[in-house]
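A quick write-up on the structure given underneath.
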Amino acid sequence: MFDTLLYDKQDGIAWITLNRPDLLNAINMRMRDELWDVVQAVRDDPEVLVVIFKGAGERAFSAGADISEFGTAPSYVESRRARRQRDLWGLMLSLEKPLIAAIHGYALGAGIELPMCCDLRIASEDARLGLPEVSLGYIPSAGGTQTLPRHVPPGVAMHMILTGDPIDAGTALRHGLVQRVVPRERLYQEAESLARTLMSRGPLALRLAKRAVLEGLDLPLAEGLALERRLAARALAV
Ligand code: COA
């Protein structure tokens, strides 16, 4: 049982719902800790084949880190140590299973940084996505300065990060930040249908292809091609 999340597992799909709807699903320390636990649980559960993240309520996937906790960590050193020990975003990026984010309403700060650690993002037409940290005097710190330019052209990422202004779902689709935009009432149906498509593909092939893309992004082309050759040989070996 979680305080800040809902968890549901059905037919190979794990649904993880950020569940503080009155506060637009702001990610507080408790939610971060619970995400750390649940992501490890889905990683280790052989019945889970695909994971879908979503937000509770009508208004937001998540309005980002809980602003009311800013400055309340025991100490700067302590909070940095906690982050290093429980690197939630690194954990998500290391998962071999496909992760999908189903995004509606506000997806701001960590509320878009979490989906950027997923493999695929579907948004509903009402989604507003952005990294507003600079307007609060911070910079994104859940990976956004690094993940956003890997999803959208660097100039678009720079514009979003330096202005802090959110973009709408259509703009996010045009720049490739989300892969599909659907009417709000179809969002979870479409996410589930995408999950089922993935589950119909070979699980080993999915795992190896995901790894080839993610690891390859950090490599020079020649090394990326060598990685692909190795992984392709592994797919053929079974
Ligand atoms: N942390 C903590 N609480 C938050 C929050 C956050 N990131 N985002 C929203 N909330 C809370 C509000 O304080 C409010 O709580 P209350 O009803 O107890 O007063 C509730 O969620 C509803 O938000 P509200 O601001 O009243 O809604 P709105 O429609 O006027 O504005 C936003 C919506 C998203 C524009 C606005 O809430 C906002 O700017 N939030 C902060 C976004 C942000 O900067 N996130 C990045 C943090 S690094």
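Counting starts at 1 for both ligands and their atoms, following the listed order. Throughout, residue positions are numbered sequentially from 1 according to the sequence presented.
Protein heavy atoms are absent from the space less than 4.0 angstrom from atom 26 (O) of ligand 1.
Other cluster members for Tyr188: Ile13, Trp15, Leu49, Val50, Ile52, Ile100, Leu120, Ile122, Val182, Leu187, Leu194, Leu198, Met199, Leu206, joined by side-chain heavy-atom distances under 4.5 Å among Ile, Leu, Val, Met, Phe, Trp and Tyr.
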Does the pair Leu99 and Val42 meet the rule for a side-chain contact (heavy atoms from CB on, under 4.5 Å), with working shown? CA-CA 10 Å; Leu99 309 179; Val42 295; 5.7 Å; no

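Residue-ligand proximity, Pro132 to ligand 1, at heavy-atom distances under 4.0 Å covers atoms 43 (C), 44 (O), 45 (N), 46 (C). Interface of Ala65 with ligand 1, defined as ligand atoms under 4.0 Å from a residue heavy atom, comprises 1 (N), 6 (C), 7 (N), 47 (C). Numbered from 1 in the order shown, with element, the atoms of ligand 1 that lie under 4.0 Å from a heavy atom of Ala26 read 1 (N), 2 (C), 6 (C).
Using modelled atom types and a 3.5 Å distance limit, the side chains of Thr17 and Asn19 yield no donor-acceptor pair.
With sequence neighbours left out, the side-chain hydrogen bond (donor to acceptor under 3.5 Å, both in side chains) criterion links Glu47 to Lys9.
Checking only distances, Arg59 does come within under 3.5 Å of ligand 1, N or O to N or O. By the 3.5 Å distance cut-off applied to N or O atoms, Phe70 is not counted among the residues near ligand 1.
Residue contacts with ligand 1, taken as heavy atom pairs separated by less than 4.0 Å, involve Asp22 solely via the backbone atoms N, CA, C and O. When heavy-atom distances to ligand 1 are checked against a 4.0 Å cut-off, Leu108 comes that close only through its side chain, counted from C-beta outward.
Taking CD from Glu133 and CD from Glu113, the interatomic distance works out to 5.5 Å, rounded to the nearest 0.5 Å.
Between Arg150 and Asp218 there is a salt bridge, since a side-chain N of the basic residue sits under 4.0 Å from a carboxylate O of the acidic one.
Without hydrogens or angle criteria, His175 side chain to Ala157 main chain gives no donor-acceptor distance under 3.5 Å.
Nearest-residue assignment for atom 43 (C) of ligand 1 (options Gly64, Ala63, Gly109; heavy-atom criterion): Ala63.
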